[in-house]
Amino acid sequence: MTESPHWVIHLPTTLTSLDEAIELAVALRDSLGHVTAIDFGETTLSEEDKQFLRTRVWCDARGDAAGRCRRRDDHDGPCAATEDQPLG
């Protein structure tokens, strides 16, 4: 039995800096986090003409019942369910 493929939505923006793109990704996660069809833990960013070079936004490590780590990909210290709470 073959598994159905998952789809990725590429959402171009008019933003011109990585920091602005990260801010938008955070805002989208905060406002659409309840939509279970979106896997924000896998969010990556790329420049328009360098889409093969991706920057991961979040750590993506899985915790117990708390879900994925919500800290930045390059964070110091333990993973967390929020920016400042450890995973359970």
Side-chain angles (χ1 to χ4, degrees):
M1 182 170 121
T2 58
E3 188 176 321
S4 297
H6 293 161
W7 292 89
V8 175
I9 298 172
H10 301 276
L11 184 64
T13 71
T14 58
L15 304 173
T16 58
S17 80
L18 179 60
D19 288 340
E20 290 174 331
I22 290 170
E23 286 180 30
L24 178 57
V26 170
L28 289 170
R29 180 187 69 181
D30 290 349
S31 65
L32 296 173
H34 66 282
V35 179
T36 58
I38 303 172
D39 185 359
F40 284 100
E42 293 291 330
T43 302
T44 58
L45 304 172
S46 64
E47 290 183 37
E48 182 177 28
D49 293 332
K50 296 179 183 174
Q51 293 184 30
F52 55 90
L53 295 174
R54 303 228 173 176
T55 300
R56 179 174 290 282
V57 177
W58 291 288
C59 167
D60 194 33
R62 292 190 185 271
D64 297 335
R68 294 180 188 261
C69 177
R70 291 177 59 98
R71 296 182 73 192
R72 288 291 311 273
D73 184 50
D74 56 355
H75 70 81
D76 291 327
C79 290
T82 65
E83 288 295 320
D84 54 2
Q85 265 184 350
L87 281 171

With rounding to the nearest 0.5 Å, note down the distance linking CG in Leu18 to CD in Glu23. 10.5 Å

Got a second to check how far Ile38's CD1 is from Leu28's CG, nearest 0.5 Å? 8.0 Å

Tabulate below the donor-acceptor pairs under 3.5 Å that side-chain atoms of residues 39-54 make, not counting sequence neighbours, or state none.
from  : atom 1 : to    : atom 2 : distance (Å)
Asp39 : OD1    : Gly41 : N      : 3.3
Asp39 : OD1    : Arg68 : NE     : 3.1
Asp39 : OD1    : Arg68 : NH2    : 3.3
Asp39 : OD2    : Arg68 : NH2    : 2.9
Thr43 : OG1    : Phe40 : O      : 2.7
Thr44 : OG1    : Arg54 : NH1    : 3.4
Gln51 : NE2    : Glu48 : O      : 3.1
Arg54 : NE     : Gln51 : O      : 3.0

Just to verify, what does Ser17 make a side chain to side chain contact (heavy atoms under 4.5 Å, CB included) with, not counting sequence neighbours? Asp19, Glu20

So which atom in Trp58 and which in Arg70 form the shortest heavy-atom distance, rounded to 0.1 Å? CD1-O, 3.4 Å

On a heavy-atom basis, the closest approach of His10 and Pro12 is O-CD, 3.2 Å

Has the side chain of Arg72 got a donor or acceptor atom that lies under 3.5 Å from a matching backbone atom of Cys59? no

Kindly work out whether a path of hydrophobic side-chain contacts (I/L/V/M/F/W/Y, heavy atoms less than 4.5 Å apart) joins Val35 to Leu11. yes

Point-to-point distance, once rounded to the nearest 0.5 Å, from OG1 of Thr55 to CD1 of Ile22: 7.5 Å

